Amino acid sequence: TAGKVPAIEGDILVYAEGSQSGQPIKTSDLSDKITRAWPQGKDKDGKPVIKKDEPNNLLIVFKFPTAEIVAPTDLKGVQDGVVAYSGICQHLGCQVGDNPSKPETILCPCHSGAYDPRAGCKVIGGPPPKPLPQLPIKLDAGGVMATGSLSGPYFGLTESDWKSLLE
Ligand code: FES
């Protein structure tokens with residue numbers, strides 16, 4: 001169903017939690033801490049659909065000073081320091097979170113997987129085998145819009161399952 005399709009080009013990112021849950025993210029609210037988001041696309045009748053029927057569609061969004069964002073981040077998918085990734089750990093699929101004791105990193109609470117969100121969410125500690133896939137975005141009408149799909153599958157999908165999901 002439309003609510004399970006991964007983020008694709010043209011989807012709008014909406015808050016996944018908090019008092020504005022389901023509303024479009026405002027770039028002015030973003031920070032160097034995690035903002036959780038769902039992609040919102042359209043069903044076959046053109047009606048907006050928040051794609052939260054697949055929990056692995058959860059995204060995390062940040063805004064950093066532009067100069068802090070470095071390789072291997074795909075800079076074509078970043079605008080004005082806003083960068084988005086899958087919010088699901090590549091080890092065994094838990095939700096990643098902020099790391100209060102090391103704020104420049106993000107941490108998976110399940111087995112202490114650590115990622116660097118300024119550097120393409122590469123793995124910097126713990127068991128995750130792969131970086132968090134990046135979602136290319138652009139800023140649009142004060143919000144955030146996907147310009148493509150995640151750079152790779154979220155946890156639990158093979159590359160070929162992933163490609164068939166996006167067809
Ligand atoms: Fe994230 Fe194991 S599920 S480190």
Side-chain angles (χ1 to χ4, degrees), residues 1-8 11-18 20-22 25 29-41 49-65 68-78 81-137 144 146-166:
T1 68
K4 290 194 171 198
V5 179
I8 55 169
D11 284 1
I12 288 166
L13 304 198
V14 302
Y15 292 100
E17 57 194 5
Q20 300 185 83
S21 189
I25 280 184
D29 285 348
L30 294 172
S31 73
D32 62 354
K33 300 288 177 291
I34 285 175
T35 297
R36 291 194 173 83
W38 295 115
Q40 175 181 285
V49 175
I50 298 178
K51 297 171 162 181
K52 59 182 178 184
D53 296 343
E54 170 49 73
N56 290 321
N57 283 340
L58 188 72
L59 302 166
I60 53 175
V61 193
F62 301 88
K63 185 171 186 356
F64 298 119
E68 293 183 6
I69 302 180
V70 297
T73 313
D74 175 7
L75 295 175
K76 292 193 301 296
V78 176
V82 175
V83 58
Y85 299 97
S86 168
I88 302 298
C89 184
Q90 288 283 341
H91 178 222
L92 293 174
C94 293
Q95 277 188 28
V96 298
D98 289 312
N99 184 357
S101 65
K102 223 177 164 204
E104 71 281 14
T105 71
I106 58 176
L107 186 67
C108 177
C110 291
H111 317 96
S112 301
Y115 300 92
D116 182 347
R118 291 169 177 78
C121 266
K122 67 179 181 187
V123 180
I124 50 171
K130 289 193 285 192
L132 296 177
Q134 184 183 341
L135 183 75
I137 59 91
V144 183
T147 58
S149 47
L150 286 173
S151 57
Y154 49 66
F155 171 77
L157 283 186
T158 63
E159 289 285 343
S160 64
D161 287 348
W162 175 242
K163 289 204 177 100
S164 61
L165 256 192
L166 290 172

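Since the structure is predicted, the reported quantities are computational estimates derived from the model, not experimental observations. We count ligands from 1, going down the list as the structure has it; atoms in each ligand are counted the same way.
For N99, the side-chain hydrogen bond (donor to acceptor under 3.5 Å, both in side chains) criterion is met by S101, T105, not counting sequence neighbours. Contacts of K63 classified as side-chain hydrogen bond (donor to acceptor under 3.5 Å, both in side chains), with partners at least two apart in sequence or in another chain: none.
Taken together, C110 and C94 meet the criterion of an SG-SG distance shorter than 2.5 Å.
Residue pairs meeting the ring-ring contact (aromatic ring centres under 6.0 Å, His included) criterion with at least one member in residues 115-134: none, sequence neighbours excluded.
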### Message
Show, in sequence, the C-alpha distance, side-chain angles and deciding distance for V49 and V5, and conclude whether the side chain to side chain contact (heavy atoms under 4.5 Å, CB included) test is met.
### Response
CA-CA 10 Å; V49 175; V5 179; over 6 Å; no
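A salt bridge does not link R118 to D116: none of the charged side-chain nitrogens sits closer than 4.0 Å to a carboxylate oxygen.
Sorted by chain and number, the protein atoms of type N, O or S within less than 2.8 Å of atom 2 (Fe) of ligand 1 are H91 ND1, H111 ND1.
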